[in-house]
Amino acid sequence: MKKLMMVLAAVIVLASLGACGNGGDNAAVVKTKSGNITKEEFYNELKKTNGDQVLQNLVYEKLLEKNYNVSKKAVDAKYDQVRKTFSTEDQFKQALAQNKLTEAQFRRQIKDSLMMTKAQQAGIKVNDKALKDYYNKNKIQLTELKASHILIKDKKTAQSVLKKAQSGSDFAALAKKYSIDTGSKTKGGELGWFKQSTMVPEFSNAAMKLKVGQISPLVYSSTDGGYHIIKLEGKKDAYNDLKSSVKEAYLASKEKSQDQVMKTLIKNNNVQVKDKDFKDLFDSSAATTTTQQ
């Protein structure tokens, strides 16, 4: 993913070169007492490092934008969905900074991803029978759980806290006091809704066995470095409750590959590469795009 972030940054740099003032290829991008860095020098260096990937992605983005419209509303919704997975605005901004992304760049990446998904799923026929068949075959994976938890490193302390929880002590208060999971403890251990596949197996398997309102025994996870105490807050496993997510999963299971999508778009849009250094760029099927996440 880090490599893709770097490529996206390079795409944005290249796309902005045309707006770097007047003076043509000899216009200075950087001026120093020892000499200037011109647009041409900068462009040629970018060509040598990430040129193939950057040009490929610029073309892909252009073709996708022309053929598959994605609204600002859809981008905002996905952006907000990602943002809400972080406990605070600062944590979210830190994650962007660690990936060398501005908010605008991240929104662009989301738009690319949504356009690609639209392209991959174009033409797939959906009806109730197909969705119900898919639901019946994949019910466990589609089931959504809502839970709170307390994560404690020391087993003896975990056993003590478990007894308090089982005796009726306020679960949220116990989480705030004892949990070492910084992402959820301030929210009283709340994890929100999730699917089995998004949690470590030990956690999700234990949560699936609980009834709503029930508290689990200690669940050890070496991955999380401690003992979980899980309280199941809600469960959605009926078809009518899951219909939208069933449809989403069904479409994902039927979608075309990115390579297939781009080959078709390139063929239908008569792509011609004028720079001799990249004349064979679209003759092969190999392609890693910025729309991947």
Side-chain angles (χ1 to χ4, degrees), residues 77-78 80-88 91 117 126-152 155 158-255 293:
K78 188 66 176 177
D80 291 340
Q81 181 184 341
V82 175
R83 163 63 187 85
K84 288 175 182 176
T85 63
F86 293 84
S87 298
T88 66
Q91 286 182 4
T117 298
V126 181
N127 55 58
D128 265 350
K129 183 181 184 307
L131 293 181
K132 286 178 180 177
D133 286 345
Y134 185 82
Y135 161 78
N136 289 328
K137 292 175 183 176
N138 300 278
K139 185 175 178 179
I140 293 176
Q141 295 93 319
L142 292 165
T143 295
E144 295 179 13
L145 304 174
K146 185 179 182 182
S148 297
H149 83 135
I150 305 169
L151 179 61
I152 300 172
K155 186 175 183 180
Q159 289 173 328
S160 173
V161 174
L162 176 60
K163 288 181 180 179
K164 292 178 181 180
Q166 290 174 331
S167 299
S169 294
D170 184 83
F171 195 90
L174 292 173
K176 289 177 181 178
K177 182 175 181 179
Y178 293 102
S179 185
I180 61 172
D181 178 12
T182 55
S184 68
K185 69 176 298 177
T186 56
K187 298 182 289 185
E190 277 189 38
L191 297 170
W193 289 96
F194 59 89
K195 291 183 180 178
Q196 189 179 31
S197 60
T198 62
M199 299 293 182
V200 295
E202 302 91 341
F203 186 100
S204 57
N205 290 338
M208 283 289 287
K209 295 175 183 176
L210 297 174
K211 295 178 181 179
V212 175
Q214 189 176 7
I215 296 172
S216 73
L218 297 185
V219 178
Y220 179 72
S221 169
S222 57
T223 304
D224 294 330
Y227 296 86
H228 291 279
I229 302 169
I230 307 165
K231 182 179 181 181
L232 190 66
E233 310 281 2
K235 186 174 187 178
K236 291 192 285 189
D237 58 2
Y239 174 73
N240 286 337
D241 293 333
L242 297 171
K243 191 170 181 178
S244 62
S245 60
V246 171
K247 181 179 179 181
E248 184 179 330
Y250 174 78
L251 288 171
S253 73
K254 300 289 184 182
E255 66 187 23
Q293 295 190 24

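Not measured: the values here are computed from a predicted model. Numbering starts at 1 and runs along the sequence shown.
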Which pair of heavy atoms, one from [X] and one from [Y], lies closest together, and at what distance?
X	Y	result
Leu131	Val246	O-CG1, 3.5 Å
Ala175	Gly189	CB-N, 3.6 Å
Asp181	Ser184	OD2-OG, 2.8 Å
Val212	Glu233	CG1-O, 3.5 Å
Ala147	Ile230	CB-CG2, 4.1 Å
Leu174	Ser169	CD1-CB, 3.9 Å

Would you say that [X] contacts [Y] through its side chain, given a criterion of any heavy-atom pair below 4.5 Å between the two side chains?
X	Y	result
Gln196	Thr143	no
Lys185	Leu151	no
Leu191	Met199	yes
Glu202	Val219	yes

Per the side chain to side chain contact (heavy atoms under 4.5 Å, CB included) rule, which among Tyr135, Tyr250, Tyr239 passes with Leu142?
->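 For Leu142, the side chain to side chain contact (heavy atoms under 4.5 Å, CB included) test succeeds with only one of Tyr135, Tyr250, Tyr239, which is Tyr135.
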Nearest 0.5 angstrom please: [X] [atom1] to [Y] [atom2], how far?
X	Y	atom1	atom2	answer
Ile140	Ser197	CD1	OG	12.5 Å
Ser148	Ile215	OG	CD1	10.0 Å
Asp237	Met208	CG	CE	7.5 Å
Asp170	Lys177	CG	NZ	12.0 Å
Lys195	Leu145	NZ	CG	11.0 Å
Lys164	Phe171	NZ	CZ	13.5 Å

Given 3.5 Å as the limit, does a donor-acceptor pair link the side chain of Asn138 with the main chain of Gln141, or not?
no
Check for a donor-acceptor pair, side chain of Asp224 on one end and backbone N or O of Gly226 on the other, with a separation under 3.5 Å.
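Pair absent, no side-chain N/O of Asp224 close to backbone of Gly226.
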Using a 6.0 Å cut-off, check whether atom CD of Glu248 has over 12 heavy atoms from anything other than its own residue.
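Check fails, neighbour count at 12 or below.
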- [ ] Assess whether atom NZ of Lys187 is packed by more than 12 heavy atoms of other residues, nucleotides or ligands within 6.0 Å.
- [x] yes
Handout entry: Polar side chain donor-acceptor pair, His228 to Ser221, under 3.5 angstrom
Key =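 No.
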>> Ignoring hydrogens and geometry beyond distance, is a side-chain donor-acceptor pair present between Lys254 and Tyr134 at under 3.5 Å?
In response: no
| task | Please report the C-alpha distance between Lys243 and Asp128 in whole Å, then the side-chain angles of each, then the deciding distance to 0.1 Å, and finally whether the side-chain contact (heavy atoms from CB on, under 4.5 Å) criterion is met. | result | CA-CA 9 Å; Lys243 191 170 181 178; Asp128 265 350; 3.1 Å; yes
Parallel, tilted or perpendicular, judged at 30° and 60°: which one describes the rings of Tyr220 and Tyr227? tilted
Exercise. When you check the gap from the basic side-chain N to the acidic O, do Lys137 and Asp133 get nearer than 4.0 Å?
Worked result: no
